[in-house]
Novice: 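Here it is, the structure in full.
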Amino acid sequence: HPNSTWIMKPAGKAQGVGIFLINKLSQIKKWSRDGSKPLSIPHTRDIYVISRYIDNPLLIGGKKFDLRFYVLVTSYRPIKAYMYQLGFCRFCTVKYNSSISELDNMFVHLTNVSIQKHGDEYNDTHGGKWPISNLKLYLESTRGKEVTDKLFDDIHWMIVHTLKAVQTVMSSDRHCFEIYGYDIIIDANLKPWLIEVNASPSVAYTTPNDRVMKSCLIHDTLNIILPPNGIPDVKWNKMPSSDCLGKYDVLYDEELALADAREKEVERTTDPRKYRIKKTPTWK
């Protein structure tokens with residue numbers, strides 16, 4: 001891929017620290033040799049992840065953005081996961097430009113608030129953030145509801161597949177839970193791409209709306225992981241009622257999914273006429 005752009009990210013750092021873009025293998029060699037790589041990123045011994053840069057992102061107002069979703073996992077075997085409704089989009093402060101001359105302009109390429117807040121165009125009121133609900137309304141009005149629904153359905157299944165991918169290597173302690181921060185970017189063709197999954201994401205806030213949202217996130221999480229009386233109990237089966245979910249939706253319940261699959265298999269065996277219609281396969 002001679003014309004491709006690649007993004008390098010240190011595996012052990014956060015908030016955009018140490019990230020840079022390259023478009024030539026020679027830039028990596030030079031950086032690894034003497035630390036004088038483009039963008040003046042200091043040379044370190046950190047482990048880096050390099051991946052193909054999505055250079056055709058969906059733009060709103062000419063600016064690049066990514067999405068942050070919060071996912072609560074209360075069990076890995078079986079998987080039981082909940083998705084929070086109140087995610088948000090993070091926007092760059094400078095309009096997107098894929099020109100090689102802008103590779104070192106992090107205000108164009110990285111959406112991290114820790115970086116964007118130092119830009120001249122940063123807005124302290126909204127913090128460069130947009131609720132997911134606003135994005136849905138925008139896409140429904142510009143692309144249509146059916147296309148928008150498919151996009152978010154694909155995002156939900158992408159998250160489920162990431163959990164399935166690590167299911168066998170994760171500790172499944174019934175006393176534990178985890179909130180993950182999923183960072184996802186959408187390209188111009190409305191295809192979602194997973195950027196990274198953050199364990200124990202920060203709940204620090206940058207705006208009043210951010211504070212309200214993250215306070216609700218903590219409140220709703222505690223309502224799910226604690227018994228109805230609010231007192232921790234190792235014998236509790238972690239089966240919260242629908243009234244306790246708050247702004248969470250059940251993303252995936254493996255026990256229910258397996259039971260549903262078994263039920264359909266029984267129906268298929270007892271009455272195969274219902275399943276003669278060939279359905280179009282999906283990537284799910």
Novice: Looking at CZ of Phe152 and CG of Leu67, how far apart are the two atoms once the value is rounded to the nearest 0.5 Å?
Specialist: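 Output value for this atom pair is 6.0 Å.
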
Novice: Please identify which of these residues, Leu245, Ile179, Val71, meets the side chain to side chain contact (heavy atoms under 4.5 Å, CB included) condition with Tyr82.
Specialist: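 Testing each of Leu245, Ile179, Val71 against Tyr82, the sole residue satisfying side chain to side chain contact (heavy atoms under 4.5 Å, CB included) is Leu245.
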
Novice: Specify the closest pair of heavy atoms between Pro192 and Met158, including all atoms of both residues, with the distance to one decimal.
Specialist: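 Where Pro192 meets Met158 most closely, the heavy atoms are O-CE, 3.1 Å.
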
Novice: So do the side chains of Asp154 and Ile184 get within less than 4.5 Å of each other, counting heavy atoms only?
Specialist: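 Side-chain contact under 4.5 Å: no.
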
Novice: Do you know the tightest heavy-atom contact between Ile159 and Thr162?
Specialist: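 Looking at all heavy atoms of both residues, the closest pair is O-OG1, 2.5 Å.
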
Novice: Do the non-hydrogen side-chain atoms of Glu146 and Asp149 ever get within less than 4.5 Å of each other?
Specialist: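 A side-chain contact is absent here, since even the closest heavy-atom pair is not under 4.5 Å.
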
Novice: Test Asp220 against every option in Tyr248, Tyr70, Tyr84 by the side-chain hydrogen bond (donor to acceptor under 3.5 Å, both in side chains) rule and name the one that passes.
Specialist: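 That would be Tyr84.
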
Novice: Output, in order, the C-alpha distance, side-chain angles, deciding distance and verdict of side chain to side chain contact (heavy atoms under 4.5 Å, CB included) for Asp55 and Leu21.
Specialist: CA-CA 11 Å; Asp55 55 8; Leu21 275 61; over 6 Å; no

Novice: If we only count heavy atoms from C-beta on, is the Cys89 to Ile132 side-chain gap below 4.5 Å?
Specialist: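 A side-chain contact exists here, since the closest heavy-atom pair is under 4.5 Å.
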
Novice: Treating Ile, Leu, Val, Met, Phe, Trp and Tyr as nodes and any side-chain heavy-atom pair under 4.5 angstrom as an edge, say whether Leu110 and Leu103 lie in one connected cluster.
Specialist: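 Yes, Leu110 and Leu103 fall within the same hydrophobic cluster.
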
Novice: Surrounding NZ of Lys247 (heavy atoms of other residues, nucleotides or ligands, distance under 6.0 Å), is the total greater than 12?
Specialist: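 Not buried by this count: 12 neighbours or fewer within 6.0 Å.
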
Novice: Which value, rounded to the nearest 0.5 Å, describes the distance between Tyr180 atom OH and Asn198 atom CG?
Specialist: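 One gets 11.5 Å once the value is rounded to the nearest 0.5 Å.
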
Novice: Are Val49 and Val166 in one and the same hydrophobic cluster, where Ile, Leu, Val, Met, Phe, Trp and Tyr link if side-chain heavy atoms are under 4.5 Å apart?
Specialist: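 Result: no, two separate clusters.
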
Novice: Is the shortest side-chain heavy-atom distance between Lys9 and Ile195 below 4.5 Å?
Specialist: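 They are in contact (side-chain heavy atoms under 4.5 Å apart), so the answer is yes.
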
Novice: Contact between Arg52 and Trp193 at the side-chain level, heavy atoms closer than 4.5 Å - yes or no?
Specialist: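 Side chain of Arg52 against side chain of Trp193, heavy atoms only: no contact under 4.5 Å found.
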
Novice: Do side-chain atoms of Lys64 reach the backbone of His109 as a donor and acceptor pair under 3.5 angstrom?
Specialist: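 Answer holds: yes.
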
Novice: Taking the side chain as everything from C-beta on, heavy atoms only, tell me whether Asn105 gets closer than 4.5 Å to Asn97.
Specialist: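 SC-SC contact between Asn105 and Asn97 ruled out.
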
Novice: Quick one, Asp183 with Arg90, criterion side chain to side chain contact (heavy atoms under 4.5 Å, CB included). Give me CA distance, side-chain angles, the key distance, then yes/no.
Specialist: CA-CA 10 Å; Asp183 293 338; Arg90 300 178 297 189; 3.4 Å; yes

Novice: More than 12 foreign heavy atoms under 6.0 Å from CD of Glu178: is that the case here?
Specialist: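 Yes.
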
Novice: Going through the checks in order, is the side chain to side chain contact (heavy atoms under 4.5 Å, CB included) test met by His126 and Asn209?
Specialist: CA-CA 8 Å; His126 56 66; Asn209 288 339; over 6 Å; no

Novice: I need the single residue from Gln116, His118, Lys117 that forms a side-chain hydrogen bond (donor to acceptor under 3.5 Å, both in side chains) with Thr93. Which is it?
Specialist: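 Passing option: Gln116.
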
Novice: Starting at CD of Gln167, measure out to CD1 of Ile79 and round the result to the nearest 0.5 Å.
Specialist: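 Going from the CD atom of Gln167 to the CD1 atom of Ile79 covers 4.0 Å.
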
Novice: Would a 4.5 Å heavy-atom cut-off, applied to side chains only, mark Lys80 and Val73 as touching?
Specialist: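 A side-chain contact is absent here, since even the closest heavy-atom pair is not under 4.5 Å.
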
Novice: What are the two closest heavy atoms between Ile19 and Met106, and how far apart are they?
Specialist: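 Looks like O-SD, 4.0 Å.
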
Novice: Quick one: sort the His161 and Trp157 rings into parallel, tilted or perpendicular, breaks at 30° and 60°.
Specialist: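 His161 and Trp157: tilted rings.
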
Novice: Please answer whether the main-chain N or O of Thr148 pairs with a side-chain N or O of Arg143 as donor and acceptor at a distance below 3.5 Å.
Specialist: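 No, the answer is negative, given that no donor and acceptor are paired below the 3.5 Å cut-off.
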
Novice: Working to the nearest 0.5 Å, report the span between OH of Tyr53 and CD1 of Ile185.
Specialist: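 The CD1 atom of Ile185 is 6.5 Å from OH of Tyr53, to the nearest 0.5 Å.
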
Novice: Same cluster or not: Leu86 versus Tyr138, using hydrophobic residues (I, L, V, M, F, W, Y) connected whenever any side-chain heavy atoms lie under 4.5 Å apart?
Specialist: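 The answer is no; the residues belong to distinct hydrophobic clusters.
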
Novice: What pair of heavy atoms forms the shortest contact from Tyr76 to Glu254, and how long is it?
Specialist: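 Here Tyr76 and Glu254 meet closest at O-OE1, 4.3 Å.
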
Novice: Report the C-alpha separation of Lys129 and Thr206 in whole Å, then their side-chain angles, then the decisive distance to 0.1 Å, and conclude whether the side chain to side chain contact (heavy atoms under 4.5 Å, CB included) test is met.
Specialist: CA-CA 10 Å; Lys129 294 181 178 179; Thr206 55; 3.5 Å; yes

Novice: Give the minimum heavy-atom separation between Ile224 and Cys244, together with the two atoms involved.
Specialist: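 It is CG1-O, 3.8 Å.
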
Novice: Tell me the closest heavy-atom pair linking Gly127 and Thr207, and the distance in Å.
Specialist: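 Answer, listing the atom of Gly127 first, then Thr207: N-CG2, 3.6 Å.
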
Novice: Going from CG on Leu151 to CD1 on Ile186, what distance comes out if it is rounded to the nearest 0.5 angstrom?
Specialist: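 One gets 4.5 Å once the value is rounded to the nearest 0.5 Å.
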
Novice: Looking at CZ of Phe69 and NE2 of His156, how far apart are the two atoms once the value is rounded to the nearest 0.5 Å?
Specialist: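 One finds 6.0 Å between CZ of Phe69 and NE2 of His156.
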
Novice: Between Leu251 and Leu256, is there shared hydrophobic-cluster membership here, with clusters defined by ILVMFWY side-chain heavy atoms closer than 4.5 Å?
Specialist: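 No, no single cluster joins them.
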
Novice: Are Ile50 and Ile54 connected, step by step, through hydrophobic side chains (Ile, Leu, Val, Met, Phe, Trp, Tyr) whose heavy atoms are closer than 4.5 Å?
Specialist: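 No, no single cluster joins them.
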
Novice: Do Val212 and Tyr205 come within less than 4.5 Å of each other through their side chains, counting heavy atoms only?
Specialist: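 No, side chains not in contact.
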
